[in-house]
Amino acid sequence: DRVVMRFIPDMNASMAEMLAGEGDLLRIPPDQRERLQQSPNIELYTAPRVRPAWITWNVDRAPVDDVRIRQAILMAIYREQLSRGLFGEEGEAAYSPIPERLREHSPGVEPIPFDIEGARQLLEEAGWRDTDGDGVREQNGQPLRVEVDYFPTEQWRQDVLVAIQNMVRQIGVDLAPRAFERTAWLDRLRNRNFQGSLWGWGWGPGIVGPNAEMVFHSRGIPPRGTNFSGYSNPRVDALIDAAQAESDTTAARTIWRELEQILIDDVPYAPLYLDPELFGVHARIQGVRFRGIEWWEDVPYWYIPEEVRLPR
């Protein structure tokens, strides 16, 4: 047996191939769900939602080097509305960088709330005021402008940032989406040549500790890892190290709770929503299940009855 992967960069072309029976598996955007549901030959599945989309802030770049700016921007984003507007009933807001479906998540943590007035107050405290009445705050003659990189292979990425752009304008922040070809976007991310970048992370159950080290620990700052934010907090470093070394479940939960709350409060990564994780699979494939965040994790359990196999 073998698995043949075909890379088709255009989603419309991918959908056409799937509906024509030329493909057996496709990860689909939520707006295509009804289209696939109309096909008698395709079954829809959902995988665990442990992949938060977030804006990565370069904590070494003004003005987002100030935690109050990062907090204020997130407070102005109505994440529930954002996720439902993008994905309909499938939409689910993310309030922590550690998804609630992971055992390392602590139900008692306090997320940054949607609070327009609170966001405005933070910006005032940080010295940003709209003195010329144009709707954008400024400081020392510089407008409060924040650029966020993204790659426009799918329309929803631009839609996300345009929606956020309108939301944060209410507090006097000029958020400017910047589109880059994927390779250029990734180079800017790896080289930390950005202010903000629309990104995300797929948490794998059982490897949360090593994942946290890669993304949040100072050891993970490029070129050594994927802490593209450049976030460095000695307490967070110590907690990540302790969590990975702790064998007692109760003690580990205490460590993870403190760690998660610090990450929420410091906002090096601003969580927005959870990927809906929708997959279309040809109905002739049996034994299908999605327990992990990657489609291939359970492929050994899948099979195609001999009578419906195709000569490929």
Side-chain angles (χ1 to χ4, degrees), residues 52-87 91-100 105-131 134-139 142-150 159-177 194-201 215-216 229-231 233 236 257-274:
W54 55 39
I55 294 177
T56 302
W57 296 121
N58 186 337
V59 299
D60 295 323
R61 288 284 186 94
V64 292
D65 56 340
D66 186 334
V67 67
R68 294 171 295 184
I69 306 301
R70 303 196 299 269
Q71 290 173 341
I73 291 174
L74 190 54
M75 290 170 75
I77 300 174
Y78 191 179
R79 286 175 275 184
E80 187 70 27
Q81 183 185 80
L82 180 69
S83 59
R84 291 300 177 95
L86 286 169
F87 307 127
E92 183 177 352
Y95 294 102
S96 168
I98 300 178
E100 64 179 37
H105 167 74
S106 300
V109 294
E110 297 182 9
I112 289 179
F114 173 61
D115 183 354
I116 294 294
E117 289 305 318
R120 288 171 177 157
Q121 183 177 345
L122 277 176
L123 296 179
E124 288 285 333
E125 293 174 0
W128 293 90
R129 297 176 177 84
D130 181 12
T131 58
D134 67 349
V136 177
R137 295 171 184 267
E138 62 271 344
Q139 186 180 94
Q142 296 296 316
L144 184 47
R145 176 183 172 90
V146 177
E147 297 178 344
V148 179
D149 296 358
Y150 73 103
D159 293 344
V160 167
L161 293 179
V162 169
I164 293 174
Q165 180 183 51
N166 292 329
M167 290 177 182
V168 302
R169 185 80 183 194
Q170 298 179 74
I171 63 170
V173 175
D174 178 19
L175 187 144
F194 66 94
Q195 278 186 310
S197 188
L198 182 62
W199 187 49
W201 187 261
V215 183
F216 305 126
S229 175
Y231 177 65
N233 182 323
V236 165
R257 188 190 189 288
E258 182 183 352
L259 171 61
E260 185 174 3
Q261 189 64 65
I262 294 174
L263 293 172
I264 290 173
D265 294 341
D266 283 357
V267 207
Y269 302 85
L272 302 172
Y273 55 85
L274 294 172

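Applying the salt bridge (charged side-chain N to carboxylate O under 4.0 Å, His left out) test to E124 and every residue at least two apart in sequence or in another chain returns R129, R137. Taking the side-chain contact (heavy atoms from CB on, under 4.5 Å) definition, one finds that P143 meets it with V136, sequence neighbours left out. Applying the side-chain contact (heavy atoms from CB on, under 4.5 Å) rule to D159 yields the partners L86, Q155; only residues at least two apart in sequence or on another chain are considered. For the side-chain contact (heavy atoms from CB on, under 4.5 Å) test, residues two or more places apart in sequence or in another chain that qualify with Q139 are W128. With sequence neighbours left out, D115 forms a side-chain hydrogen bond (donor to acceptor under 3.5 Å, both in side chains) with no residue at all. Every side-chain hydrogen bond (donor to acceptor under 3.5 Å, both in side chains) that D174 has, sequence neighbours left out, goes to R145. Residues meeting the side-chain hydrogen bond (donor to acceptor under 3.5 Å, both in side chains) test with S197, sequence neighbours left out: W185. Not counting sequence neighbours, the partners of R68 by the salt bridge (charged side-chain N to carboxylate O under 4.0 Å, His left out) test are D66. For the side-chain contact (heavy atoms from CB on, under 4.5 Å) test, residues two or more places apart in sequence or in another chain that qualify with N58 are D60, R61, R192, F194. Legend: residues meeting ring pair (Phe, Tyr, Trp, His ring centres under 6.0 Å) with F87, ordered by chain and number and at least two apart, are Y273.
Heavy atoms only, all atoms of each residue included: Y150 and P177 are closest at CE2-CB, 3.8 Å. The two residues D266 and R70 have their closest heavy-atom pair at O-NH2, 2.7 Å. Smallest separation of non-hydrogen atoms from I112 and I264: CD1-O, 3.3 Å. Smallest separation of non-hydrogen atoms from A76 and I116: CA-CD1, 3.9 Å. When every heavy atom of L144 is checked against every heavy atom of P63, the shortest pair comes out as CD1-CG, 3.6 Å. Nearest approach of A163 to L82, heavy atoms of both residues: CB-CD1, 3.7 Å.
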Please output the side-chain donor-acceptor pairs of residues 93-100 that fall under 3.5 Å, not counting sequence neighbours, one pair per line with the distance.
| unit_1 | atom_1 | unit_2 | atom_2 | d |
| --- | --- | --- | --- | --- |
| S96 | OG | I98 | N | 3.1 |
| S96 | OG | I98 | O | 3.4 |
| S96 | OG | E260 | OE2 | 2.6 |

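Distance check, rounded to the nearest 0.5 Å: CD of Q170 to CD of E117 gives 10.0 Å. One finds the CD1 atom of I55 at 11.5 Å from the CD atom of Q195 (value rounded to the nearest 0.5 Å).
Listed by first and then second residue, the ring pair (Phe, Tyr, Trp, His ring centres under 6.0 Å) pairs that reach into residues 61-81 are Y78-F114, sequence neighbours excluded.
Taking 4.5 Å as the limit, some side-chain heavy atom of L272 sits within range of a side-chain heavy atom of I164.
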Walk me through it: do E138 and D130 pass the test side chain to side chain contact (heavy atoms under 4.5 Å, CB included)?
CA-CA 6 Å; E138 62 271 344; D130 181 12; 3.9 Å; yes
Intermediate values then yes/no, side chain to side chain contact (heavy atoms under 4.5 Å, CB included), I73 and V267:
CA-CA 10 Å; I73 291 174; V267 207; over 6 Å; no
Applying side chain to side chain contact (heavy atoms under 4.5 Å, CB included), run through L161 and Q165 and close with a yes or a no.
CA-CA 6 Å; L161 293 179; Q165 180 183 51; over 6 Å; no
Chi angles and distances behind the side chain to side chain contact (heavy atoms under 4.5 Å, CB included) call for V173, L123:
CA-CA 9 Å; V173 175; L123 296 179; 4.0 Å; yes
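With ring centers used as reference points, Y269 lies 6.0 Å or more from Y231.
The aromatic rings of W54 and W199 are tilted relative to each other, their planes meeting at an angle between 30° and 60°.
Environment of CD in E110: sparse, with no more than 12 heavy atoms of neighbouring residues, nucleotides or ligands closer than 6.0 Å.
E92 places no side-chain N or O within 3.5 Å of a backbone atom of L274 that could act as its donor or acceptor partner. Under a 3.5 Å cut-off, the side chain of R79 and the backbone N or O of P271 do form a donor-acceptor pair.
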